[in-house]
There are 2 protein chains.
Amino acid sequence: MKLSTRTRYGVRAALELAANQSKGPVQIKTIAHRQDISIKYLEQLMAILKSAGLVRSIRGAKGGYILAKPANQIKLSDVFNALEGPVTTVECLENKNYCARVTDCVTRQVWAEVQQAIMSVLQSMTLQDLINRTKDKKTLNYQI
Amino acid sequence: MKLSTRTRYGVRAALELAANQSKGPVQIKTIAHRQDISIKYLEQLMAILKSAGLVRSIRGAKGGYILAKPANQIKLSDVFNALEGPVTTVECLENKNYCARVTDCVTRQVWAEVQQAIMSVLQSMTLQDLINRTKDKKTLNYQI
DNA sequence: AGTATTCCTACCTTATTAGTAGTATATTAT
DNA sequence: ATAATATACTACTAATAAGGTAGGAATACT
């Protein structure tokens, strides 16, 4: 049940944008450098966040990325969903036709509860909440 | 954040044993057949559960597997941990030396909360609880 | 025009998951 | 004893996904 680097990197990148909301677009290379992520890889992650409607891009010189909405309106679950896909611990939670026993399968219920537990945590936090948590606002202290 | 078949199969196998606790050992091939799992693959999963101390094996003819403890003393988190490894959403939760910023990293706190949420669900259920949940005790209704 | 940036798409490498195969070892029943 | 029935052990293989590279096209600012 490990988190993919995709999600971890993506959350960190989103936080970088959140921290710089007032200061205009942030370039991929800046984020990549600050967070120690491959530029080319991050490029792809940003594209995912963009198509999920969480960030907006500005092309060309002096371009970069900005959040598409205020940081207090972006829940961690939004970022998570975009990058990790829906938190579907098992196939049959998404696709009811996956298995005939769906209606009263005990293990399915368990995994559903696990999934719900994860989502409640992630839905309860916005990017802004996380920014507020950081003690030293200048240097965002996360690198996982 | 998908669950591996390893864990899914393992939980189902453990439930088969729980359901047959009073009736002596259950053979791998029986479980494999009932749960539609490859015999050879399940063999390996049972070995993992065994080395985790959750089941005991009886070799030779009329042998098979039984739970090492009463079903109400085996938490789902035990089975999960054995098969999936500790629910470590990120490396630094296990290994504090993994990253220098550990002490006040915001994202680490988030993943820790997620991890805690998952564990509380799994720790709150025993195999017996799940058996009790099944409506029709004869045919264990799970196949995910 | 020139430079800086995102955009797009294809590729590659490595790790993990899921599964197979074969043989050795232990236990029971005959 | 011997045959039959189980697990135990170890190695191999195939498929998939994760993580990352590469190159150039499109766009926008100066």
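Throughout, protein chains are lettered first and strands after them, A, B, ... in sequence-line order, and every chain is numbered starting at 1. Nothing here was measured: the structure is a model prediction, and the numbers come from that model.
Separating the CD1 atom of A:I39 from the C1' atom of C:dA4 is a distance of 12 Å, rounded to the nearest angstrom. Atoms NZ (A:K2) and P (C:dA15) sit 15 Å apart, rounded to a whole Å. Atoms CG (B:L83) and P (C:dG19) sit 14 Å apart, rounded to a whole Å. As rounded to whole Å, 9 Å separates atom P of C:dA18 from atom CG of B:L45. Rounded to whole Å, atom C1' of C:dT16 lies 12 Å from atom CD of B:E84. Taking atom NZ of residue A:K29 and atom P of nucleotide C:dC7, one finds them 15 Å apart after rounding to whole Å. When the C1' atom of C:dT27 is taken as reference, atom CD1 of B:I66 falls 15 Å away, rounded to whole Å. Between A:I48 atom CD1 and C:dC8 atom P the separation is 13 Å, expressed in whole Å.
Of the charged side-chain nitrogens involved, at least one lies within less than 4.0 Å of a carboxylate oxygen, so that A:R34 and A:E16 count as a salt-bridged pair. With respect to A:E84 and A:K2, no salt bridge is recorded, no charged nitrogen being found less than 4.0 Å from a carboxylate O.
Phosphate contact (OP1/OP2 of D:dA8, side-chain N/O of B:K50, threshold under 4.0 Å): present. In this structure, A:S38 does not reach the D:dG19 phosphate: none of its side-chain N or O atoms is under 4.0 Å from OP1 or OP2. The side chain of A:Y9 places no N or O atom within less than 4.0 Å of a non-bridging phosphate oxygen (OP1 or OP2) of D:dG19. A close approach under 4.0 Å does not occur between any side-chain nitrogen or oxygen of B:S4 and OP1 or OP2 of C:dT16. The side chain of A:T5 places no N or O atom within less than 4.0 Å of a non-bridging phosphate oxygen (OP1 or OP2) of D:dA18.
Comparing D:dA11, C:dT6, D:dG20 against the side chain of A:I28 picks out C:dT6 as the nearest. Among the nucleotides D:dA8, C:dT9, C:dT20, the one closest to the side chain of B:Y65 is D:dA8. Considering only side-chain atoms of A:Y41, the nucleotide from C:dT20, D:dT21, C:dA18 that sits closest is D:dT21. Picking from D:dG19, C:dA10, C:dT17 the nucleotide with the shortest atom distance to the side chain of A:Q44 gives C:dA10.
Considering every non-hydrogen atom in both B:K40 and B:E43, the closest pair reads O-CB, 3.3 Å.
Without hydrogens or angle criteria, A:Q123 side chain to A:K75 main chain gives no donor-acceptor distance under 3.5 Å. No side-chain donor-acceptor contact under 3.5 Å links A:R56 to the backbone of A:Y65.
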Produce a footprint string for nucleotides 23-30 of chain D: one letter per nucleotide, 5' end first; B if the base is under 4.0 Å from any protein heavy atom, S if only the sugar-phosphate is, - if neither. BB-BBBSS
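The aromatic rings of B:Y41 and B:Y9 sit perpendicular, their planes meeting at an angle over 60°, well past the 30° parallel limit.
Following chains of ILVMFWY side-chain contacts shorter than 4.5 Å, one can reach A:I48 starting from A:I37, so the two form part of one hydrophobic cluster.
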